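This is a predicted model, so every value here is computed, not measured. Protein chains get the first letters and strands the later ones, always in sequence-line order, with residue 1 at the start of each.
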Amino acid sequence: MSRHPVGTTVRTALTEQPDLHMFCTYQQDDLIELFGADRMVRLPIAENAMVGMAVGMALVGRRVLVSIARVAFLFTAFDPLINQATKWRYMSDGQYQVPLVIRGLTRGDEHLGAQHEHSAHSLLSQIPGLVVAVPGSPNSAAGLLATALTHPDPVVVLESPRLYTPDWQQLPEPEPTPAPLPFGVAGRALAGRDLTLVGIGNTVALCLRAARRLADHGLRCQVVDLRTAAPLDRDGTAELVAATGPVVLVDEEPRRSSLMCDLGMHLVQAGAVEPDRLAFVFGAAVPAPASPVLLAPLLPTVDDVVAAALGLVPTRSGGDGGRAGRLRPA
Amino acid sequence: MSRHPVGTTVRTALTEQPDLHMFCTYQQDDLIELFGADRMVRLPIAENAMVGMAVGMALVGRRVLVSIARVAFLFTAFDPLINQATKWRYMSDGQYQVPLVIRGLTRGDEHLGAQHEHSAHSLLSQIPGLVVAVPGSPNSAAGLLATALTHPDPVVVLESPRLYTPDWQQLPEPEPTPAPLPFGVAGRALAGRDLTLVGIGNTVALCLRAARRLADHGLRCQVVDLRTAAPLDRDGTAELVAATGPVVLVDEEPRRSSLMCDLGMHLVQAGAVEPDRLAFVFGAAVPAPASPVLLAPLLPTVDDVVAAALGLVPTRSGGDGGRAGRLRPA
Amino acid sequence: MQLTAAYRTMLRIRILEEKIIDCANRNLVVGFVHPYTGQEAIAAGVLAARRPDEWVVSFYRCHGHAVAAGLPLDGIVREVLGREGGVCGGKGGSMHLADRGRRFLGASSIVGSQLSVAAGVAMAERGTGRATVVFCGDGALGAGVSYETLTISATLGLPLLLVCEDNGWQDQTRSELVRHRTPAQLVDGLGLDHVEVDGNDVAAVHRAAETLLTRCRRERRPQVLVARTYLRHYHAQVGGARPPEYRPAEEVAYWRARDPLDIAAAAADVPDPWLAEARAEIEREVDQVFAAALAAPPPDVATAATNVTAAPLPAAVPAVTAVAR
Amino acid sequence: MQLTAAYRTMLRIRILEEKIIDCANRNLVVGFVHPYTGQEAIAAGVLAARRPDEWVVSFYRCHGHAVAAGLPLDGIVREVLGREGGVCGGKGGSMHLADRGRRFLGASSIVGSQLSVAAGVAMAERGTGRATVVFCGDGALGAGVSYETLTISATLGLPLLLVCEDNGWQDQTRSELVRHRTPAQLVDGLGLDHVEVDGNDVAAVHRAAETLLTRCRRERRPQVLVARTYLRHYHAQVGGARPPEYRPAEEVAYWRARDPLDIAAAAADVPDPWLAEARAEIEREVDQVFAAALAAPPPDVATAATNVTAAPLPAAVPAVTAVAR
Ligand SMILES: Cc1ncc(C[n+]2csc(CCOP(=O)(O)OP(=O)(O)O)c2C)c(N)n1
Ligand SMILES: Cc1ncc(C[n+]2csc(CCOP(=O)(O)OP(=O)(O)O)c2C)c(N)n1
Ligand SMILES: [Mg+2]
Ligand SMILES: [Mg+2]
């Protein structure tokens, strides 16, 4: 099995950037051996201080990659994220920059329950000054992380556990290489001209699977990977969508204050799509249950996306005008 | 000067509910005298444990009102809010309830800078199970808090400092009384049939002022106060809006993943308004500067709302199709 | 406490956990498993000293606490395996067992968070003569919330017993590498009443817990029990493959030789046949529980979106009912 | 340290703060003011021992630290009054003074947060022979992040000097009511090197700071200086009205009689005319600074949305440029 592209990205960055430090509650012995304990810093379970310290290092010219393990644990460090990392540049009127990257796992097939499973991209996208990268594939994770590791401002990288299962190589891979990916530029994961499916993180693969199913209905779908929740590529997506017409926006997060509503509103007001040719598929506003059987109906499925898409295309006697999407609750 | 209605609500609740406790870093001596130190609990500057303890008390049958002072400090207690308060009912499959209310100041004319000034209603609205109340007036603050204090689930009440200035009685007061207000039901702060302005928190008063200005243009505006960011009254607002046509959605928070986009999308897809008859006025995605002069251009003004409204009404040779709103950046 | 009863509690935990590990190996467990094997004397000793009307608060490594707190094995196993009839209806899973009726408040999987929740419970219980028991690992003492909770508990005089299960590791990191004080030094430095005890000796644990709980109930002061112990297996198992051993072989061997079950059996001084019979009996019980659980269906899918809130609010239709399929 | 120089630093702080309070009374200050009056000996004593290449980290009560760290009064005053030319361009305000060039990192207004930020700085400075100085109030020791930072600093051996300004109050709450240990007992209990000192005696503060800073620079260990002191005025002023006194009259009187300026003047043993001249000179300087600041325009409105990020990213147009007006 070949090395995971993210592992390569991390090692390359550590090799090339002597000022790069890694903070984590766990450090691999071989990396400590290679890069020293001063750079590979092992810390207690104290995420608040961990992120605060990373901010301090960044303020005086270092760069820190914090492996927070899970986004779930980032909530204990929300003050340094919201009130320190993303504020010092502005508060000091540009005297400082805070080149800080926080990586954490979101959710996907782990069944750990409500406290451990969070995705949080819409929530984090509201923080001014923060880049929120949400890779949808292994190469995209490597590419977004590579960019993060040279970015002059704080970045959170929200990684699905699906990108790190033993058979990560089986995942759909829309990015040809693990090369750095720009922030705020949506990618076309699949070309197609009949309709567009837009996904982020886990729903990129979901959209690709739905596109395959829709091909059986004679529909060639374009699939768009938003890649970053902030900046959100509203204009780029509008351009891509304008070429196809109907669009389905798919997110595992619930509808309430979703970035997909923000995007959808833009697509409509920019004239990229008519409101009755746009549908949403959202997850339910319910915490993650441990049981996979209980979880299944709370997350968008290929069936949901296919149904929403078929509801929009004129081939099916006018579709249902986006009702499938609007049925999804808040 | 008469007593602030919120003070009355708090005292009434403390008197009527012997199981109600108040947690804060500061307690008034007279309230300790009246209700005892067991109920009026003075705590160190340790918001994480403060909110966690409130969850524990609530789990075993008490109710706690946490005065967190400022929403800015709630970020140090995000774990107990996101992973405890709003999770235990579900994780235990309904064995527990968590009747917990957190009050905190948002922002408004205090000029305290980026770390102290937050509003956070869209951000908090994404947490399943959490009620996010955003009063727009003193009576509304009292009414929403009264409901919160009998609500069986966690509630955050986001209060503008404007509701508590010495001349709070000068504020526009759309609610006739401080009686309990339902959650998830938008209120009509002003009746009018030409167009609708929708606000939340600070922007309710802003919309009322804009309505007065628009009256000079011969336009009778309806003003809608969303009252709670979660639950968001999409259908109620759609009904109100449908009666007028053009609508301007006004929020101090930036556009990115805003509840106003969620609402706007619903209004359009529910057929309550045409997309080119809907405009947004948002705050800029910039941390709060201390200087009032720097702050002014970052927040929506009456002028912005008036301009957006005039851009929508047919009287002005077709308006600009919502462009004023869409000009606002992410 | 009867040593034989304590032994049986420990044996039930051990056999239950080994069976759960066995199921994990066969991918029959929902989520991760954090086995309690090796630490059984702590749950058994402490909770034998707790009165049934006193609340117990746990963390992700909660199976042993749940058993010792008197939860039925059936409800535990069904929760862990994701079958109908689990104590949390399948929503909590292995890390979040809860049983309100038995005053087993529940378990939090965010390290340290259970301390503040438990302190809130103790606050509500203050003046009733009842103590509240909360468990944590040694790594949890690194978290700020643990410090906040302990200092607040001391200031307010909360009847809280913190039981710190010091197994020397926090996940795959040796605790010594990330702390400058042992748990006992730390709570001592904070000026808290505390006792350090051999966590593999159930009689010693129980004696200490009795003393501390009595103080909790009588005096307005939190108490800390630091119990030195070791995990027989590993921090956690993820998926169907047992994780490789990451701890030094001599350390593992040292502790294997000090198994809490052996120590309890020796202290109870019961004849071998008694031990064999106890084991056989519990194995039968556990086997039956697993057989029934594995034959049971998963939780009812219609409950997926229930109990998010008390009742749906006007604008918030319960989500799952509207899923378009 | 020359006592006369220290006295002048303290006097500059005092006169500056009183003038700021005066402006606050006239509603000329942006936001709240947290005056440093009464605590001047701490900033002056500690920062006279700090080398100019060593970072200083502060909190909302930061004016005194800024002056003692060598920031020009002009930049401070303009920032506090919201005029062009403030050290943070008007964006930081009274609670968030920062001056990178003078290694005055900045100030955080979230209680306790500055400790972890400072520990990160100390981490970057480890091995350079330079120490990092961070200030906090006594209330800050209640926050979990302070504990996390101190224990991590001890474990990693960070060259961090924490100066805890123990004024006995946290906002309007007497600290004793919400803590079970004094700051000195607490850091002692955590096993940290520390010295407790009369915070109103600048010579004593300076001696202690020298000792601790020397240890910071040489040994791989954090150090804590606990300085007992008292605010001459009040916690904070909000708007144009001075807040009423909330502390017992005898307590206020006791401390008024121990004013750090009087103590320093007596120790320096300078003649009255020298004192009068120093005061007159500094008053002239401060008056000029205020006159210029009050005559200056506010910050350029075109800068409102600059420096949120390094450069706007493709999809994020700087906000303010697009405001429709
Ligand atoms: C706040 C937080 N950070 C990190 C984790 C991940 N994590 C789970 S268990 C664990 C180690 C805890 O060690 P300890 O407290 O000693 O308990 P033990 O597992 O040894 O019983 C870590 C780091 C978590 N659950 N919560
Ligand atoms: C996390 C947090 N909680 C609450 C506050 C509000 N607050 C500002 S100052 C203060 C008191 C701090 O007291 P102390 O640390 O003793 O410093 P002092 O003001 O006495 O110098 C409080 C509670 C805050 N700024 N940050
Ligand atoms: Mg451990
Ligand atoms: Mg103080």
(request) Mind checking the CG-OH spacing from C:L150 to D:Y147? Nearest 0.5 Å is all I need. (result)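 Interatomic distance, C:L150 CG to D:Y147 OH, rounded to 0.5 Å: 8.0 Å.
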(message) Donor-acceptor pair, distance only, cut-off 3.5 Å: does the side chain of D:H180 make one with the backbone of C:S153?
(response)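 Flag not set: sc D:H180 to bb C:S153 has no pair under 3.5 Å.
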(message) Could you check whether any side-chain N or O of C:E148 sits under 3.5 Å from a backbone N or O of D:G144, counting only pairs where one atom can act as donor and the other as acceptor?
(response)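 Yes.
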(message) Does any backbone or side-chain atom of D:L177 lie under 4.5 Å from a heavy atom of chain C? Answer side chain, backbone, both or neither.
(response)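 Looking at D:L177, just its backbone touches chain C.
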Using a 6.0 Å cut-off, check whether atom [atom1] of [X] has over 12 heavy atoms from anything other than its own residue.
{"X": "D:R218", "atom1": "CZ", "answer": "no"}
{"X": "D:R100", "atom1": "CZ", "answer": "no"}
{"X": "C:E176", "atom1": "CD", "answer": "no"}
{"X": "D:R258", "atom1": "CZ", "answer": "yes"}
{"X": "D:R217", "atom1": "CZ", "answer": "yes"}

(request) Quick one: do D:T151 and C:L141 satisfy side chain to side chain contact (heavy atoms under 4.5 Å, CB included)? Show the steps, please. (result) CA-CA 10 Å; D:T151 50; C:L141 297 184; over 6 Å; no
(message) Only pairs of heavy atoms separated by less than 4.5 Å count here; which of C:A143, C:G112, C:S146 has the most with chain D?
(response)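 Highest number of pairs under 4.5 Å: C:A143.
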(message) So which residue, C:V178, C:V145, C:I152, ends up with the most heavy-atom pairs under 4.5 Å with chain D?
(response)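 So the answer, after comparing C:V178, C:V145, C:I152, is C:V178.
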